[in-house]
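Taking it in order: structure first as structure tokens, then the write-up.
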Amino acid sequence: MCDTCGCSTEGGAVLRKPGQSDYHVHVNEGDHDHAHAHEEQQSHDHGHHHEGTSRKVVLEQDVLQKNNLLAERNRGYFEARKIFALNFLSSPGSGKTSLLEKIIPALQPRFPVAVIEGDQQTTNDAERIQALGVPVIQINTGSGCHLDALMVNRAVKELELQDNSLLCIENVGNLVCPALFDLGEALKVVIISVTEGDDKPLKYPTMFHEADICILNKIDLLPYVEFDARKCRENAMQVNHHLEWFELSAKTGEGLAALQEWVERKLLQH
Amino acid sequence: MHEMSIALSIVEAVDAKARQEGARKVSGIELLVGKLAGIEAESLKFCFSAAAKGTLAEDAILVIEEPEGTGECGECGTRFPVNFYYAECPGCRSLRITIVSGEEFLIQSMTIEEEGE
């Protein structure tokens with residue numbers, strides 16, 4: 001078991017739909033038949049040398065190769081159908097679902113939206129999204145601490161995605177593990193809220209380094225907390241100077257228009 | 001962290017390759033894990049022994065090479081060692097640094113034992 005957060009893939013992820021207790025799809029490795037189709041082409045001379053019983057085999061293979069290849073398949077599918085996929089990442093409680101609840105109704109009149117929700121357990125978030133009237137599927141990772149490309153691949157098959165649409169993937173609340181797993185998204189969006197520390201980008205640099213967009217949420221609480229928004233932005237930019245930066249409050253709606261405009265522009269360009 | 005699922009992917013890749021090569025068992029695995037790859041080598045070793053149980057790699061010794069990070073300055077092009085994603089260029093003090101190495105995460109090779117003849 002993972003010594004930090006207990007992550008394991010042994011239990012296997014499960015797809016669920018809100019309000020359909022009998023719907024239940026297991027995400028199993030065995031389900032995808034190409035599992036062994038990506039073997040490295042080995043070009044070593046296999047001469048018969050009987051002098052010893054041990055030999056070295058060169059692999060030069062990316063450890064995450066299997067995930068990365070599948071993520072690229074997802075990405076190709078999204079590109080072909082002009083689906084703009086965003087991977088939302090943050091600590092638990094930073095406001096990923098609340099932000100989706102605000103931004104989706106604003107975008108929906110112009111673009112079809114679908115959502116994949118990732119959590120260890122429950123369909124609570126999927127139920128909140130379903131209330132907006134958009135297609136949603138819940139991935140329960142069980143003991144797993146992140147979504148991976150296989151889970152998204154299976155979830156996409158269960159969702160009826162439309163061309164020229166927005167797909168929001170809400171990852172498991174975790175600032176560490178999801179950073180390493182490409183899902184095939186166009187961009188990674190990391191969310192941090194003012195009730196956390198403004199040094200979070202320095203404490204969890206891998207995530208902020210991997211992200212394309214950083215959203216500072218809950219700015220309506222700034223007067224009540226010791227959080228220096230300017231300092232936080234500086235910290236984030238130190239780790240990744242390409243970051244696109246937004247400050248907003250999903251609760252009051254302040255700053256949401258800028259993000260909405262940006263997403264719409266990206267959707268049209270995509 | 002995610003080291004358990006990473007350890008499982010390593011075991012899976014190595015076990016499949018070893019079977020393909022007709023190995024009896026895998027005695028060693030060499031990994032390249034850059035200092036900036038986001039992987040704790042010690043934690044990975046710990047998880048590996050559990051992940052490898054019952055596979056050809058069960059008794060394999062994990063050798064992890066951890067190359068240092070190198071950054072390249074976006075202003076003056078200087079290359080220098082870094083141990084984090086942000087760094088200041090020693091030449092021109094710029095913070096516009098791109099990481100050019102240290103994020104490697106590869107299974108380089110393995111040593112397999114074959115049936116004696």
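Proteins get letters first, then strands, A, B, ... in listed order; numbering begins at 1 in each.
- For the atom pair CG of A:L202 and OH of B:Y85, the computed distance is 13.5 Å after rounding to the nearest 0.5 Å.
- In this structure, the side chains of A:Q65 and B:S9 stay at 4.5 Å or more apart for every pair of heavy atoms.
- Side chains of B:K17 and A:V57 form a contact here, defined as non-hydrogen atoms less than 4.5 Å apart.
- When B:E88, B:Q108, B:E30 are compared by the number of non-hydrogen pairs under 4.5 Å with chain A, B:Q108 comes out ahead.
- B:E104 does not touch chain A: none of its heavy atoms, backbone or side chain, sits under 4.5 Å away.
- Summarising the geometry, atom CE belonging to B:M110 is positioned 12.0 Å from atom OG belonging to A:S54; distances are rounded to the nearest 0.5 Å.
- In this structure, B:N83 places its CG atom where only 12 or fewer heavy-atom neighbours from other residues, nucleotides or ligands lie under 6.0 Å away.
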Exercise for review: Decide side chain to side chain contact (heavy atoms under 4.5 Å, CB included) for A:D62 and B:I107; before the verdict, give the C-alpha distance in whole Å, the side-chain angles of both, and the deciding distance to 0.1 Å.
Suggested key: CA-CA 6 Å; A:D62 194 309; B:I107 308 170; over 6 Å; no

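- When heavy atoms are compared at a cutoff of 4.5 Å, B:A37 approaches chain A solely by way of its backbone atoms N, CA, C and O.
- With rounding to the nearest 0.5 angstrom, the OG atom of A:S143 is 9.5 Å from the CE atom of B:M4.
- In this structure, A:H209 and B:E103 have side chains that are in contact, with non-hydrogen atoms separated by less than 4.5 Å.
- Neither the backbone nor the side chain of A:F208 comes within contact range of chain B; no heavy atoms are under 4.5 Å apart.
- For the atom pair CD of A:Q61 and OG of B:S109, the computed distance is 12.0 Å after rounding to the nearest 0.5 Å.
- Comment: A:R55 engages B:E21 in a salt bridge, judged by a side-chain N to carboxylate O separation of less than 4.0 angstrom.
- Interatomic distance, A:H241 NE2 to B:T98 OG1, rounded to the nearest 0.5 Å: 5.0 Å.
- Interface residue B:I99: only side-chain heavy atoms are found under 4.5 Å from chain A.
- B:I6 is listed as a side-chain neighbour of A:L64, based on a closest heavy-atom distance under 4.5 Å.
- By the 6.0 Å contact criterion, CD on A:Q269 is enclosed, its count of non-hydrogen atoms from other residues, nucleotides or ligands being greater than 12.
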